[in-house]
Colleague: 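One structure, as structure tokens, below. Some questions next.
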2 protein chains.
Amino acid sequence: MSIPREKLRWNGWGWTDAADPLAGRPEALAWIAATLGMGARLPDTPAMALGAITVPPPRLPPALLARLEACVPAGAVVTSTRERAFHARGKSYHDLLHLRAGRMDALPDAVVYPETPDQALAVIQWAEETGAAVVPYGGGSSVVGGVEAWAGAGRVVVSVDMTRMDKLLATDPVSLTATAEAGIYGPALEAALASHGLTLGHYPQSFELSTLGGWIAARGAGQQSNRYGKAETWLIGAELATPRGLWQSAGFPASAAGPDLTRLIAGSEGTLGLITKATFKVHQAPEARDYRAYLMPDFESGASAIRAIVQSETPVAALRLSDPDETRFFRAFAAARKPTTWRDGIERRVLGWMGVGARPCLLLAGFEGGSDQTRWSRRAARALIRRAGGVAVGRRPADRWYAGRFHGPYLRDPLMDRGIGVDTLETATFWSSAPELYGAVHSALQTAMREHAASESARGIVMAHISHSYPDGASLYFTFIFPRKLSDEVGQWRAIKRAATDAIVRHGGTISHHHGVGVDHAAWLKGEKGPIGMEVLRAVKRALDPANVMNPGKLLE
Amino acid sequence: MSIPREKLRWNGWGWTDAADPLAGRPEALAWIAATLGMGARLPDTPAMALGAITVPPPRLPPALLARLEACVPAGAVVTSTRERAFHARGKSYHDLLHLRAGRMDALPDAVVYPETPDQALAVIQWAEETGAAVVPYGGGSSVVGGVEAWAGAGRVVVSVDMTRMDKLLATDPVSLTATAEAGIYGPALEAALASHGLTLGHYPQSFELSTLGGWIAARGAGQQSNRYGKAETWLIGAELATPRGLWQSAGFPASAAGPDLTRLIAGSEGTLGLITKATFKVHQAPEARDYRAYLMPDFESGASAIRAIVQSETPVAALRLSDPDETRFFRAFAAARKPTTWRDGIERRVLGWMGVGARPCLLLAGFEGGSDQTRWSRRAARALIRRAGGVAVGRRPADRWYAGRFHGPYLRDPLMDRGIGVDTLETATFWSSAPELYGAVHSALQTAMREHAASESARGIVMAHISHSYPDGASLYFTFIFPRKLSDEVGQWRAIKRAATDAIVRHGGTISHHHGVGVDHAAWLKGEKGPIGMEVLRAVKRALDPANVMNPGKLLE
């Protein structure tokens, strides 16, 4: 069942009534302010209230609206200001800059909630006939502009919200597969699967408010991707409502019947059609779940440990390595809550004695599955971690991370309320390129934040982690925090983003490991796919959507 | 280095000087004859010698030939009868029926051996300009008509043999990746990798005489696919010489930068371009290799054991389950060599006492990797096999299979020499559909062989195995042996093939798990991909090869 929209923030992350995690934590704020060179008192930069914003009316003449309404059940076309504002953009820092400032330059003229594939098809056909654009909308959690409701000056845009198509349709406990409608949210999907003793195991940070269809459309990855795979690896087959009709992509455990076209649906980001249904691999709910924490002497040794584990093909659910600054940031941020204790001093001395040193890196290793296998894998992984110089620090830090693993995004809005910008970006590359790429992106971010600083004293923080790993390489995920340059926020963000993405491309990284392309990365896609690759993509687009109805401006510029 | 063509059979499998494995084995032949209802004396049906066949001359006017020769180094265009006959077709039973009878209806007008991607491009451009067709040729081991050198009445065909592009170009021992030219044969590739302590681990039955590019083009699978993956899973990126130029598909450990276009190259079967180079995942050469044999009470319990092992995600290199008839056939065939001993009787009684019964199924389980992991995995797998009713019968049968794992195809030619047809086909489906599909294909083969029998007494044998398994399903591989209906051999084969493929499709199987589509399965592809899927495939084809130069008639009819 769809989440009532008033329960969700239209211009920020998560639940409307979520508590401000920074309220009542003056020490943490003081620590951040000092670290960012912002002085003792942080600025007050609240978001505009929707009521205070001038929202242009929908550009849908009554006759056009009536024809759209005829495509779906009564009440399934909504044109209220809040619904339109809610569906205007996704949840990127860049999106929030616009929404919080009341710049409603991207805005759907209507929001449509289809309940069946045929209704989705009818809406698409309506759009093709009337020249409107369709922006597919799942959880709306895109951080790359993937659901931006803009399709060129003057063009009518409807946001097609899939969250009423949210049923688990079938499970096959023998083959460990399931089929569900694409608009189902993460928690509803896992609850439905759990009632059959099953799990998909796809837990991105956006899990609470992202959907099956969105995961597939953007080739998402869950935090336990080592075990459960990335969207394109657990996806077996999908149903896509396209301007050319309903496409059921073939799905088999494996096949050699020509190219696997399901792989074109994964990553299509709504540009080829609306994902209405998907069949995917599931797992038996794990018998055991065991997460452990280790401290590594440095990032390199931590990365070596991860590489050794995945290359030895030891079954593991998650491996997560924070760089020294991320390790220190979360430690400091947590420590700011309470005064330093005598235990901290002892801990530091013991770790020093064990060779971990002054700038340790936190490594989390999670194991899920059968009890025997989990135990065996944990021991095998521990041996490799120790060989790389790691020191076990028990379950506590790992369990704390696990408990708070969806909380990160809730920090951004209150930071933005206080003049602080925070954004993330990510890539993946081969192990042999990773150290250089890490250094280059780190320094590109630092340089760009310095060059576009809010003030002379302002400083940015860059921190990074490896959270998805493969025998041949890993993802690198960067978080950067900086004082907002209130006079030119979008320009500041764009310059930082450009510098980092250029560095990624220059050093052999993909422009995205799991966020997707959307609008923000579209300019770099040509370089990654090459002219012939782009021609192939455009040919597929033309075949399915010759009138460019589906999510124009995303993926393909 | 390319294998000199005179060392290879042009109209059969393997080395010209390979011994006849049936020579001097009258008991085995007598046993087969009796089983097939063929009477005591098998017919004498040798292949025609090339010298006795009227081979039409090349249809290449001197000017055209000269322009083709200008594309490649001197001597790299060959028009000798043997080279043209060698490249006329692949190695399917259907191909051999034509070649052995001297029906040279498919025949290239020239064979070209490019040595660089630019030369490959030049040949393609020559073909586009002159209206000729290009048939990419790697090892030529296709069993689905994938290299049939025919492109419509009157159209000039050149077979482009890639085996002079056979160098390992780079290895990355940190990221465990390698890059090689696509024309490298299996043994040369593994030898080159082994000198770096690495392995790709892709060992199809055709390993000796198939190439990297062919594995990718047809989405092949090696016998250890559980550990090393199928071609499309180990492929990272490829270079494709297309009529639109050289396409380097992007390759990363993982990405969300739009759809993964490398997946369009895997399975493209030469219809989009010539694969000239590929980057792929490799493994450290395994520290340990341990293959064990078990007897299962029946096919169902064997399949359950495999399913339990793969669904528990126990690391395993290979799992191979023969059905009762395949188990019996190879036992009987081997036993025919020597008289029954007192040991056989004891063995049978012991197995009966252990509950394995009269129609046991042989299950092979192979483990490769680190010593500890191999040991742990073997124990975990053994427990699951025992739980399914299996009985360990030691290393011997498994080692025997391993030693002879490329020998199977050498049996076909001598059987064909003696009036016996043998063909194989395969599919993959979900575990929940597998039992019904197995029964349906089995009975379709039996019925078709009966309806198209060579004589009233003639009987066919059907046997099957599971050789590739996944958490959600498995491949089923059928071998069928029958007395050849010499009056209408192609018709007999076609009827059997059609009946089996129809049964596969009707029961939820893919038309191929690892052989590909070629000409033989093209008629069924439409059903599997659906009209929109086919439109997508055709759009990609049009974008890269508008003039239909590349392998016309394969994959897409």
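In what follows, chains carry the letters A, B, and so on, assigned in the order in which the sequence lines appear, proteins first and then strands, with residues in each chain numbered from 1.
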Colleague: So which part of A:H513 gets closer than 4.5 Å to some heavy atom of chain B, the side chain, the backbone, both or neither?
Modeller: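 Backbone plus side chain of A:H513, per the 4.5 Å heavy-atom cut-off to chain B.
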Colleague: Under a 4.5 Å heavy-atom cut-off, does chain A meet the side chain of B:K230, its backbone, both or neither?
Modeller: side chain
Colleague: What part of A:L176 is in contact with chain B, defined as an atom under 4.5 angstrom from a non-hydrogen atom: side chain, backbone, both or neither?
Modeller: both
Colleague: Answer yes or no: is there a donor N or O on one side and an acceptor on the other, between the side chain of A:Q311 and the main chain of B:V174, under 3.5 Å?
Modeller: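 Side chain of A:Q311 to backbone of B:V174: a pair is present.
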Colleague: Which of residues 234-243 of chain A get closer than 4.5 angstrom to chain B, counting heavy atoms alone?
Modeller: A:I236, A:T242
Colleague: Heavy-atom cut-off 4.5 Å, strictly under: side chain, backbone, both or neither for A:K281 against chain B?
Modeller: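 Looking at A:K281, just its side chain touches chain B.
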Colleague: How far apart are the closest heavy atoms of B:P173 and A:R307, and which atoms are they?
Modeller: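 For B:P173 versus A:R307, the nearest heavy atoms are O-NH1, 4.3 Å.
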Colleague: With chain B as the partner, which of A:G516, A:A543, A:S255, A:P471 has the greatest number of non-hydrogen pairs under 4.5 Å?
Modeller: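 Sorted descending by pairs with chain B, the first entry is A:S255.
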Colleague: What part of B:Q284 lies closer than 4.5 angstrom to a heavy atom of chain A: side chain, backbone, both or neither?
Modeller: side chain
Colleague: If you define the side chain from C-beta out and look only at heavy atoms, does anything of B:F252 sit under 4.5 Å from A:E528?
Modeller: yes
Colleague: As an exercise: rank A:A221, A:A474, A:G509 by heavy-atom pairs under 4.5 Å with chain B and give me the winner.
Modeller: A:G509
Colleague: Which of residues 531-541 of chain A have a heavy atom under 4.5 Å from any heavy atom of chain B?
Modeller: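 Residues A:I532, A:G533, A:E535, A:V536, A:L537, A:A539, A:V540 are the ones that qualify, each having a heavy atom under 4.5 Å from chain B.
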Colleague: In terms of heavy-atom pairs under 4.5 Å with chain B, which of A:V282, A:T510, A:T233 leads?
Modeller: A:T510
Colleague: Checking heavy atoms, do the side chain of A:P315, its backbone, both or neither come under 4.5 Å from chain B?
Modeller: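 For A:P315, the side chain is the part near chain B, not the backbone.
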Colleague: Given heavy-atom pairs under 4.5 angstrom as the criterion, report whether the side chain, backbone, both or neither of B:E287 touches chain A.
Modeller: neither
Colleague: In terms of heavy-atom pairs under 4.5 Å, which option from B:Q373, B:R244, B:H514 contacts chain A the most?
Modeller: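 Most heavy-atom pairs within the cutoff with chain A belong to B:Q373.
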Colleague: Which one of B:W247, B:Y470, B:W376 has the most heavy-atom pairs closer than 4.5 Å to chain A?
Modeller: B:W376
Colleague: Out of A:V517, A:D472, A:L556, which one racks up the most heavy-atom pairs below 4.5 Å with chain B?
Modeller: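 Counting heavy-atom pairs under 4.5 Å, the top option is A:D472.
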Colleague: Determine the option with the most heavy-atom pairs under 4.5 angstrom with chain A, choosing from B:A254, B:A231, B:G530.
Modeller: B:A254
Colleague: Using non-hydrogen atoms only, which part of A:E232 is less than 4.5 Å away from chain B: side chain, backbone, both, or neither?
Modeller: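 Just its side chain gets close to chain B.
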Colleague: Between B:V144, B:I511, B:D172, B:T177, which has the largest tally of heavy atom pairs under 4.5 Å with chain A?
Modeller: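 Highest number of heavy-atom pairs under 4.5 Å: B:D172.
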Colleague: Given heavy-atom pairs under 4.5 angstrom as the criterion, report whether the side chain, backbone, both or neither of A:R542 touches chain B.
Modeller: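 Nothing of A:R542, per the 4.5 Å heavy-atom cut-off to chain B.
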Colleague: Between B:S512, B:G508, B:A218, B:G473, which shows the greatest number of heavy-atom pairs under 4.5 Å with chain A?
Modeller: B:S512
Colleague: Between B:S312 and chain A, with a heavy-atom cut-off of 4.5 Å, which part of the residue counts as in contact: side chain, backbone, both or neither?
Modeller: backbone
Colleague: What part of A:H468 gets closer than 4.5 Å to chain B, counting heavy atoms only: side chain, backbone, both or neither?
Modeller: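 Contact with chain B involves no heavy atom of A:H468 at all.
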Colleague: Under 4.5 Å, heavy atom to heavy atom, which residues of residues 428-437 of chain B contact chain A?
Modeller: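 Checking residues 428-437 of chain B against chain A gives B:A428, B:T429, B:F430, B:W431, B:S432.
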Colleague: Is the side chain of A:E313 donor-acceptor paired with the backbone N or O of B:G369 at a distance under 3.5 Å, no angle test?
Modeller: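 No, because the side chain of A:E313 does not come within donor-acceptor range (under 3.5 Å) of the backbone of B:G369.
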Colleague: Can you give the donor-acceptor pairs under 3.5 Å from side chains of residues 258-267 of chain B to other protein atoms, not counting sequence neighbours?
Modeller:
residue	atom	partner	partner atom	Å
B:D260	OD1	B:T262	N	3.1
B:T262	OG1	B:S249	OG	2.7
B:T262	OG1	B:A250	O	3.1

